[in-house]
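Nothing here was measured: the structure is a model prediction, and the numbers come from that model.
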Amino acid sequence: MSQDKTDALTSLLERDLNERYGPMISGDDLRKVLGFTTMEAMRQALTRRQISLPVFTPENRRGKFALSHDVARWLASQRQAVVESPAPFESDMLDKEKRQ
């Protein structure tokens, strides 16, 4: 069931991203969509391979690009990972209950 929800969210995000940015997202738009406050923060995350998203530099072009489809899939998977994991306060409370 959760895969169905992730697929539905991916489709919705992909449609919205394609309408707004087209098939590829780059530069400041990519930074904003990925949630980075600065281009430097995004650059560091890419350099450290902290983003599991295919980001590339096309031949004879400047800057980093990502496909809208890949960005949509990445955003949906990031959200699903949070939804499926217990909230931090829940796990803290479970740990406290086990100790008592």
Worksheet item: Can F56 be reached from Y21 by stepping across I, L, V, M, F, W or Y side chains whose heavy atoms are under 4.5 Å apart?
Response: no
Item to complete: I would like to know whether V71 and L30 meet side chain to side chain contact (heavy atoms under 4.5 Å, CB included); could you show each step before the answer?
Response: CA-CA 9 Å; V71 172; L30 182 60; 4.1 Å; yes
Practice prompt. Heavy atoms only: give me the nearest P54-A66 pair and the separation to one decimal.
Written response: O-CB, 3.8 Å
Practice prompt. To the nearest 0.5 angstrom, please state how far the CZ atom of R73 sits from the CG atom of L53.
Written response: 8.5 Å
Item to complete: Might you work through the side chain to side chain contact (heavy atoms under 4.5 Å, CB included) test for V33 and L75, ending with a clear yes or no?
Response: CA-CA 9 Å; V33 170; L75 288 170; 3.9 Å; yes
Discussion item. Donor-acceptor check, side chain of T6 to backbone of S77, threshold 3.5 angstrom: yes or no?
Written reply: no
Discussion item. If hydrophobic clusters are built from ILVMFWY residues whose side chains come within less than 4.5 Å, do L13 and F36 share one?
Written reply: yes
Worksheet entry | From CD (E19) to CZ (R15), nearest 0.5 Å | 6.0 Å
Worksheet item: Should V55 and F65 be counted in the same cluster of Ile, Leu, Val, Met, Phe, Trp and Tyr side chains packed under 4.5 Å apart?
Response: no
Discussion item. On a heavy-atom basis, which atom in A72 and which in E14 lie closest, and how many Å separate them?
Written reply: CB-N, 3.4 Å
Worksheet item: Counting N and O atoms only, with roles assigned by atom type, does the side chain of T57 sit under 3.5 Å from a partner on the main chain of K64, one being a donor and the other an acceptor?
Response: no
Worksheet item: Is it the case that one hydrophobic cluster holds both L67 and I51, taking links as side-chain heavy atoms less than 4.5 Å apart, direct or via other members?
Response: no
Worksheet item: How far apart are the closest heavy atoms of P58 and G63, and which atoms are they?
Response: CD-O, 4.4 Å
Discussion item. Quick check on R20: does its CZ atom have over 12 non-hydrogen neighbours (other residues, nucleotides or ligands) under 6.0 Å away?
Written reply: no
Worksheet, complete the sentence: CZ (R79) and NZ (K5) are apart, to the nearest 0.5 Å, by 8.5 Å
Worksheet entry | Backbone of I25 reached by a side-chain donor or acceptor of D29 within 3.5 Å | no
Worksheet, complete the sentence: Residues M24 and S68: closest non-hydrogen pair is N-OG, 4.0 Å
Practice prompt. Check the pair W74, L34 against side chain to side chain contact (heavy atoms under 4.5 Å, CB included), reporting the backbone distance first and the verdict last.
Written response: CA-CA 9 Å; W74 183 80; L34 296 181; 3.6 Å; yes
Worksheet item: Is D28 salt-bridged to R31, going by a charged N under 4.0 Å from an acidic O?
Response: yes
Worksheet item: If you measure from CD on E40 to OG1 on T47, what distance do you get to the nearest 0.5 Å?
Response: 8.0 Å
Worksheet item: Looking only at heavy atoms, what is the nearest atom pair of N18 and P23, with distance?
Response: OD1-CA, 3.4 Å
